[in-house]
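Since the structure comes first, as structure tokens, the remarks are kept for the end.
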Amino acid sequence: MNKEEVKSDERYLNLLADKFPTIAEAATEIINLEAILNLPKGTEHLLSDLHGENSAFQHVLNNASGVIRRKVDDIFGMNLREADKNELCSLIYYPEEKLKLINETEADLNDWYRITLHRVVEIAREVSSKYTRSKVRRFLPKDFAYIIEELLHEQPSEPNKQEYYAGIIRSIIETRRSEEFIKAICQLIHHLVIDSLHIIGDVYDRGPGACAIMDTLCNYHDFDIQWGNHDISWMGAAAGNLALIANVVRISIRYMNVETLEEGYSINLLPLATFAIDTYGDDPCEHFQVREFENNSRMEQSMQMMAKMHKAISIIQFKLEGQIIKRHPEYVMEDRRLLHLIDYERGVITIAGKEYPLVDTKFPTVDPAHPYSLSNEERKLMEQLFHSFTCSERLQKHLRCLYQHGSLFLKRNNNLLYHAAIPLNDDGTFRRVKIDDEEYSGRQLLERIDRIIRDAYFADAGSETRQRALDYMWYLWCGPDSPLYNKDKMTTFERYFTKDEELFKEKKGAYYELCNNEETCDYILQEFGLDPANSRIVNGHIPVRTTRGESPLRANGKRLVIDGGFSKPYHKTTGIAGYTLIYNSHGLHLVQHEAFESKEKAVAEGSDIHSRTQLVDFKTRRMLVRDTDRGKELAEQVANLQKLLFAYRNGIIKER
């Protein structure tokens, strides 16, 4: 380091001097940062395709994909019976529910409190050991902050502190604060066992708990989301895209999940029900019978009503989609405008020059001369739904959270995270996609689309920029070159109205096959500025069908697909209930989960999700903070502070 080098940064160093005005303060900060750089890397938790399955999500979050159980095994080993370990784990996962059960069943509560307090403090001490005291302090509950900090940093085996430590535990019990203290410690463990949470798309659709999942995420200490196609559909609907509003309602009805709309987001479906009865009252809507899932007894009583609503909103969706396609010939999706290809008198549709009979020929709201125009009643209905979606306080809160914490892709610690695909040509090169008269590919394409997604919400209301962005949100849901879909078409209409399965086929883009090759993955990683030698791609979107022998490890381990089927409808085809990833200081661990039965069983019997860890990458040297992206930022701060010290000591900058 020399004076010329430091003087070139003098303007920045003067700004830095405002924060660290003396040699002592700058030196202290260097010492602090160097200490942090030598701590073990924090644990990252990666999940994908939650699809509204809140119970399973909460359990995987609570048990940190088995991390807490492994901590319990490491700490207590053979000193605890399996039944005791199970009970301790279920207490940490669900402290409030477990404590209620303990109160009803335990004969000597004070003795149980004494033993349990020692155990949970020991676990908290272990999971907090790789963080600075200041970071741990941020998560301490106000009521118990001092006590917990003392217990975490005092050893009960230390001769000079044995009575001190035991006295704290005894006082907690005697003042009848044991339950509140245990809850606080368990919450601290939840915060510390996972440093950051990555959701690789698709919180929404199918399952009933998307609202609850979003509530959890929006209050989580450190999370990000790489938007999936189902998230984009909901984001576009919440921003006011009518076709996506219809799509969201249609899928919710199809999967008997209207409680997300009605109870979660206060979306009023009564106008749709009224319209459906008036319009399709004598139509059995046989091919729109909704899918039946367990625990939907309330829904089963109104299956016919739901079928009519299902058909009504589907026809509206096809009309609105046809309007978008006509506005945007650049989407090259004219083959998805099908209503004008129907011979309404004969009940057939002509697709690619061939006639197919329709299984449903009742179209009371379709004017054959203007098939994509909404009827007056349909228009009024969509105005009401538009108001419900755009004025739902909770939905808008979740939408802002998705924008604040979301993006199309994320580079983090040598992992490239994105939900579905990077559009490729058949020869493996990046596909050039035209947007607003310019072509984009690879990373530039995703960055351009990311800006469009933000324009759909943040651009001036009523502006052409916002309207074009809103339309493009629909394209992202189902467009051939959308990185969130990337199939030649979405055959929703054909599945409803024809029975020829050849028409149901949706050809995947070249990415889905080519990305199983190591060379393609290296090509993509280089495009995003990552070193292929030590980097990986992590995707979701396509369920891994273990029953067919599929593996989440692709391209010689360069790509991991962690959509293992959280969604219950997938369980029969996947054979499991999801994959998650744990990336800690020891390496990357792939965890395969079996189906989660219920929180009640986990509390009462200590049952857990049966998980199996597949070791993906084990580091011979434990990773430190300095090995992470955050570590690089801290190291740069240290370098700048070293320059500031040099400037102080050589009179270039005066101490303040």
Side-chain angles (χ1 to χ4, degrees), residues 58-59 61-64 66-131 136 139-194 599-609:
Q58 293 293 345
H59 191 77
L61 206 60
N62 289 345
N63 78 355
V67 171
I68 288 177
R69 177 58 197 235
R70 287 193 289 275
K71 293 291 183 185
V72 169
D73 286 336
D74 291 344
I75 293 168
F76 298 105
M78 301 299 291
N79 295 325
L80 283 183
R81 299 176 305 167
E82 285 300 306
D84 292 332
K85 291 179 186 178
N86 292 341
E87 184 177 88
L88 181 56
C89 286
S90 66
L91 172 69
I92 296 171
Y93 304 158
Y94 304 105
E96 189 163 338
E97 294 84 351
K98 189 68 176 181
L99 285 166
K100 183 178 179 181
L101 183 64
I102 291 296
N103 270 290
E104 296 170 355
T105 58
E106 185 60 45
D108 189 343
L109 267 177
N110 284 346
D111 188 53
W112 184 88
Y113 286 145
R114 180 181 56 78
I115 294 170
T116 303
L117 284 166
H118 279 280
R119 289 173 179 171
V120 293
V121 168
E122 197 165 350
I123 295 167
R125 184 183 299 115
E126 171 65 21
V127 299
S128 67
S129 62
K130 64 179 181 180
Y131 300 111
V136 174
F139 295 123
L140 296 179
K142 184 178 179 181
D143 289 352
F144 298 109
Y146 174 76
I147 299 172
I148 292 176
E149 192 164 11
E150 286 296 291
L151 291 174
L152 291 181
H153 299 104
E154 297 294 348
Q155 293 289 342
S157 57
E158 174 63 37
N160 294 329
K161 291 294 183 75
Q162 282 182 350
E163 186 54 37
Y164 172 74
Y165 189 97
I168 293 176
I169 298 294
R170 188 166 55 250
S171 296
I172 293 170
I173 298 170
E174 289 174 352
T175 56
R176 300 181 183 178
R177 296 286 282 166
S178 301
E179 289 196 15
E180 288 74 13
F181 188 84
I182 289 171
K183 291 175 189 177
I185 282 283
C186 291
Q187 191 61 45
L188 177 65
I189 293 170
H190 290 166
H191 280 139
L192 296 178
V193 75
I194 297 299
K599 178 172 74 172
E600 291 72 25
K601 193 165 185 178
V603 172
E605 301 177 16
S607 64
D608 205 342
I609 288 184

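Counting from 1, the numbers follow the sequence of the chain as shown.
- Contact record, Ile92 with Cys186: CA-SG, 3.7 Å, taken as the closest heavy-atom pair.
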Checklist entry - Can Gln58 and Tyr93 be said to form a side chain to side chain contact (heavy atoms under 4.5 Å, CB included), step by step? => result CA-CA 9 Å; Gln58 293 293 345; Tyr93 304 158; over 6 Å; no
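- Using a cut-off of 4.0 Å between Lys/Arg side-chain N and Asp/Glu carboxylate O, Arg70 and Asp73 are scored as not salt-bridged.
- With respect to Glu149 and Arg125, no salt bridge is recorded, no charged nitrogen being found less than 4.0 Å from a carboxylate O.
- A salt bridge is absent between Lys183 and Glu180: the closest approach of a Lys/Arg side-chain nitrogen to an acidic carboxylate oxygen does not fall below 4.0 angstrom.
- Between Phe181 and Phe144, the angle of the ring planes goes over 60°, which puts this pair in the perpendicular group of the 30/60° scheme.
- Between the side chains of Tyr113 and Glu179, at least one donor-acceptor pair of N or O atoms lies under 3.5 Å.
- A distance of 11.5 Å separates CD1 of Ile189 from CG of Asn62, quoted to the nearest 0.5 Å.
- Between Arg170 and Glu163 there is a salt bridge, since a side-chain N of the basic residue sits under 4.0 Å from a carboxylate O of the acidic one.
- Between Tyr94 and His59, the ring planes lie parallel to each other; the angle is under 30°, not in the 30° to 60° tilted range.
- A salt bridge is defined here as a Lys NZ or Arg NE, NH1 or NH2 lying under 4.0 Å from an Asp or Glu carboxylate O, and Lys71 with Asp74 fails to meet this definition.
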Item to check | side chain to side chain contact (heavy atoms under 4.5 Å, CB included) evaluation trace for His191 with Gln187 | outcome: CA-CA 6 Å; His191 280 139; Gln187 191 61 45; 3.7 Å; yes
